[in-house]
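Nothing here was measured: the structure is a model prediction, and the numbers come from that model. Quick note on labels: first sequence line is chain A, next is B, and so on, each numbered from 1. Quick note: numbers below take in every heavy atom, side chains included, and nothing from hydrogens, waters or symmetry partners.
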Protein chains: 4
Amino acid sequence: MNRTTAKVAGKHSQSWKQDPEGVRRDILDVAISEFAARGLSGARIDDIVARTRTSKRMIYYYFGDKDGLYARALEVAYSKVRRGEEELDLDGLPPLKALEKLVGFTFDHHRANPDFIRMVMIENIHNADFIRKSDMIRGLNVAAIDTLRNICSRGAKDGDFRADTDPVRLHWQISALSFFNVSNQPSFSALFGPDLFTDTQQKILRDEIIRLVVGSVRVSTEPTT
Amino acid sequence: MNRTTAKVAGKHSQSWKQDPEGVRRDILDVAISEFAARGLSGARIDDIVARTRTSKRMIYYYFGDKDGLYARALEVAYSKVRRGEEELDLDGLPPLKALEKLVGFTFDHHRANPDFIRMVMIENIHNADFIRKSDMIRGLNVAAIDTLRNICSRGAKDGDFRADTDPVRLHWQISALSFFNVSNQPSFSALFGPDLFTDTQQKILRDEIIRLVVGSVRVSTEPTT
Amino acid sequence: MNRTTAKVAGKHSQSWKQDPEGVRRDILDVAISEFAARGLSGARIDDIVARTRTSKRMIYYYFGDKDGLYARALEVAYSKVRRGEEELDLDGLPPLKALEKLVGFTFDHHRANPDFIRMVMIENIHNADFIRKSDMIRGLNVAAIDTLRNICSRGAKDGDFRADTDPVRLHWQISALSFFNVSNQPSFSALFGPDLFTDTQQKILRDEIIRLVVGSVRVSTEPTT
Amino acid sequence: MNRTTAKVAGKHSQSWKQDPEGVRRDILDVAISEFAARGLSGARIDDIVARTRTSKRMIYYYFGDKDGLYARALEVAYSKVRRGEEELDLDGLPPLKALEKLVGFTFDHHRANPDFIRMVMIENIHNADFIRKSDMIRGLNVAAIDTLRNICSRGAKDGDFRADTDPVRLHWQISALSFFNVSNQPSFSALFGPDLFTDTQQKILRDEIIRLVVGSVRVSTEPTT
DNA sequence: TATGAATGAGGCTTCATTCAT
DNA sequence: AATGAATGAAGCCTCATTCAT
């Protein structure tokens, strides 16, 4: 009867008895997708559990309650995305090139992670209370600023960047343009049509944004192309 | 709060008999604030009605159901904000000045109307389904683009604007920067501190954004100041 | 403005101000159809009023409450149907022929008045409380039995009818077969297919029923055909 | 009343933990009685639950919604009644005797199960929509026809039954007379007095019906007694 | 570690009816 | 005679959570 069921207990096997970490990941994956799709109050524990290979009890066992699950899902969503950013290597590049690459990457990365964007939108609806409570998330973002600070200071030293460039304000600019592109796509395309979100138009937008941001920090000696 | 509704009934009286328009406005004002605060699924009909001078039954009498109330609240929120924009007179100004003024105004206007911003955030969580269904809202936004199109064509004629400036993409830029400033303030200040949102810093940000947007359309002959 | 609108105030004109009897009939016609379709608790005052050219207030003005409207609708339904029966002239016919004709007529009449049948079904669900309270309805039905009693006594005198034939039990038989044919058509055809209710089959059934009932009262000297 | 449900829990104890089948039966027994008494729209979930040993929530847990409960109650009512019919053994009897017994039994069985009759009445008010959706109910009724078909073919072979006897039409006759006797008792006795429904009169009616039905299929060589 | 059964509080909505004009 | 506005009571259903095994 119960012979070798636990062989392929990795992902998507029919049942994984005795794999606590697998159970947690399974639940969290589904939770992120459900919370991202419907928000904190809109998501349903029953719906989450239905898409899971476990039972409802496990959610309470591992995460305490709905808020606990949401809080953890938010952390996982953040760390997934930030982990992707770590792979970007900018140290070898001259500051302006590094910034260009970073902006382009952020734009692409946000587009590639709509669930993360939606989690952050939902957090903002909830006044970012759960972000505020998570040391982990705050830690992850310090790193993001450090990267920018590094670029800025190198750029300032080289004389390429304006001296008054503030890494946080720069991060704000990059985020605003990349974030809005994903977060407000539904309303924007409902109002003005879906054209702006085709691959062709997004490429144009991406270039424009890079030009914009880079233009805003560069010591302007010559016209932008 | 409910200042604008005292048409027929005495102000702040406990109940007003037979003032349908007043009742509707009363409900809608509260509804906007509750939906903006808690989202569509998070808002409670009972909470809305508690802040109202009417009974729960009237919500269903006038708006059918929760979705109907939300849909109407969204329309009212949009029209309130767009009405504010109409008061802005740009026709007398040269294109670059007009754009500058428009960007600054949008930045300020969004800050002044956080409930509207939150309604749009919530709509995006719901894939903008209600915006899509509302001819009224779509109509209001056509006007917003027309204003920009006008500026762009004047600017192109004068030779001040780049010829390839697209009013929709320009609107996107202005919106992105002004919208994000309000929508993501909670998460941004949770992560990087509240400094960016002080009046002083917001003024700097405002100028920066104006410079950014204007710079992106201007035929660049000389460095930006 | 208000010139000659009240010209065709008979039926189905757009509005009939000042025609109280017309208003009552309008309401009652709709009420019968709604109660017949959905039952006493299933019918909605709002739905009735929506199909009417009057306002909700009039229902309460004329009929007191929902039960009052139902009670009156039941009476009207009964009197409509019984009025149709009065036109049947059986006096000139020999008893067996009269009975044949009566059975056939009842079968047809019930089929032609499904709303009436449904009102009676609904009454039975409600233990016939409203019938019991209505002198009018009880009066109408005495007449129906009188007709049969007349036929029976003539038949007994002629020697055509069995002496123990009871007019009430005979009425019961005729009703049972004619009533069930309409009342249980939905369940019967759901279970056994709709064939029995085609015109062809109904003709066969009609003849069979006539044969059945007549056979049950006839002094049987020779085989039935 | 709830006698058959005391499988696991003590009888008449205030609450029984963890006896799903018992809970289901308990709810269904009450539901049948309430729906039969008041109809689908007339029945109240709160009233049902009040006569139950469980909470309102369990109705939704097991049956989804009011319609779901009604649909299942209808199925149970049908299967209870049809199960009673299965105990009737007609195979050993000659066709005419078998038919006599079947008619008499049906008459008695319908009288003994007024709740079932009322459920079918209610179904007919609702156009038999729920019967139509239930494969189970349709299946149960095929069996009923099979029994009759068997009798008819034996009768035809023996030369006792008319060759053109149709089992469905025969079933229709038996049902009409037995069903109406219960379904329309309230209106009939409201109109014509309760006499027909006394035991004495019902016995006479029963015999009459048997004679009627049997007479309608018999190859008529001699007068009926 | 795991499951299906059970729950109380509270959510949204509907209904017949009455009121003010 | 007539209308649209207003209402309280009650209806159905959902939700996060806990219990018994």
Side-chain angles (χ1 to χ4, degrees), chain A residues 15-20 23 41-49 53-69, chain B residues 15-24 41-49 53-69, chain C residues 15-20 22-24 41-49 53-69, chain D residues 15-24 41-49 53-69:
Chain A
S15 84
W16 40 25
K17 314 269 172 178
Q18 315 290 64
D19 177 12
V23 168
S41 47
R44 300 286 165 252
I45 293 276
D46 279 332
D47 290 352
I48 291 171
V49 105
R53 270 170 233 74
T54 33
S55 75
K56 202 184 323 194
R57 187 68 188 79
M58 288 297 94
I59 290 180
Y60 289 92
Y61 185 77
Y62 283 123
F63 303 101
D65 58 10
K66 194 188 186 185
D67 278 10
L69 175 59
Chain B
S15 85
W16 43 24
K17 314 276 167 125
Q18 304 287 85
D19 175 17
E21 204 42 47
V23 169
R24 283 181 61 103
S41 46
R44 297 285 166 255
I45 291 279
D46 279 330
D47 291 351
I48 291 173
V49 96
R53 269 177 224 71
T54 28
S55 73
K56 180 159 43 164
R57 187 64 191 73
M58 295 315 286
I59 289 181
Y60 294 92
Y61 183 68
Y62 282 119
F63 304 102
D65 59 11
K66 196 187 187 186
D67 276 12
L69 176 59
Chain C
S15 86
W16 40 24
K17 312 270 171 176
Q18 314 289 64
D19 176 13
V23 168
R24 282 180 61 100
S41 47
R44 298 287 164 251
I45 293 276
D46 279 332
D47 290 352
I48 291 173
V49 105
R53 271 170 231 73
T54 33
S55 77
K56 202 186 320 195
R57 187 66 188 78
M58 288 298 93
I59 289 180
Y60 289 92
Y61 184 76
Y62 283 122
F63 303 102
D65 59 9
K66 194 188 186 185
D67 278 10
L69 176 59
Chain D
S15 84
W16 41 24
K17 313 278 167 125
Q18 304 288 84
D19 175 17
E21 204 43 47
V23 168
R24 283 181 61 103
S41 45
R44 296 286 166 255
I45 291 278
D46 279 329
D47 291 352
I48 291 173
V49 95
R53 266 176 226 72
T54 29
S55 72
K56 180 159 43 164
R57 187 64 190 74
M58 295 316 285
I59 289 181
Y60 294 94
Y61 183 69
Y62 282 118
F63 303 102
D65 56 12
K66 196 187 187 184
D67 277 12
L69 176 60

Length of the line joining [X]:[atom1] and [N]:[atom2], which is rounded to integer Å:
{"X": "B:L69", "N": "E:dC12", "atom1": "CG", "atom2": "P", "answer": "11 Å"}
{"X": "A:R44", "N": "F:dT17", "atom1": "CZ", "atom2": "C1'", "answer": "14 Å"}
{"X": "D:I59", "N": "F:dC12", "atom1": "CD1", "atom2": "P", "answer": "9 Å"}
{"X": "B:M58", "N": "E:dA20", "atom1": "CE", "atom2": "C1'", "answer": "13 Å"}
{"X": "A:D47", "N": "F:dT17", "atom1": "CG", "atom2": "P", "answer": "15 Å"}
{"X": "B:Y60", "N": "F:dC12", "atom1": "OH", "atom2": "C1'", "answer": "12 Å"}
{"X": "C:R53", "N": "F:dT3", "atom1": "CZ", "atom2": "C1'", "answer": "17 Å"}
{"X": "D:I45", "N": "F:dT14", "atom1": "CD1", "atom2": "C1'", "answer": "14 Å"}

- Query: Pick the nucleotide of DNA chain F nearest each of A:G64 and B:K56; which residue has the one closer to the 5' end?
  - Reply: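 Comparing both residues, the 5'-ward one is B:K56.
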- Message: By nearest heavy atom, map D:S41 and A:D65 onto DNA chain F; which one lands nearer the 5' end?
- Response: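 Of the two residues, D:S41 wins.
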- Rounded P spacing from F:dT21 to E:dT1 in Å: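 Comparing P positions in F:dT21 and E:dT1 gives a spacing of 22 Å.
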Taking all heavy atoms of [X] and all of [Y], pick out the closest pair and write down the distance.
{"X": "B:S41", "Y": "A:S41", "value": "OG-OG, 3.2 Å"}
{"X": "A:V23", "Y": "A:Y62", "value": "CG1-CE1, 3.6 Å"}
{"X": "D:I45", "Y": "D:K66", "value": "CD1-CG, 3.9 Å"}
{"X": "D:V49", "Y": "D:T54", "value": "CG2-O, 3.7 Å"}

- Item | Value rounded to 0.5 Å, distance of CE in C:M58 from CZ in C:R24 | 12.0 Å
- Item | Any D:Y61 side-chain nitrogen or oxygen under 4.0 Å from OP1 or OP2 of E:dA5 |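 Affirmative; the distance criterion is met.
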- Message: Is C:R57 close enough to F:dA1 that one of its side-chain N or O atoms is under 4.0 Å from OP1 or OP2 there?
- Response: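 For F:dA1, OP1/OP2 do not have a side-chain N/O of C:R57 under 4.0 Å.
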- Sugar-phosphate, base or nothing in reach of C:S55, heavy atoms under 4.0 Å: base
- Message: Base, sugar-phosphate or nothing for B:Y62? Non-hydrogen atoms, less than 4.0 Å.
- Response: sugar-phosphate
- Query: Who does F:dT21 pair with, Watson-Crick or G-U, both distances under 3.5 Å?
  - Reply: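 Base partner found: E:dA2.
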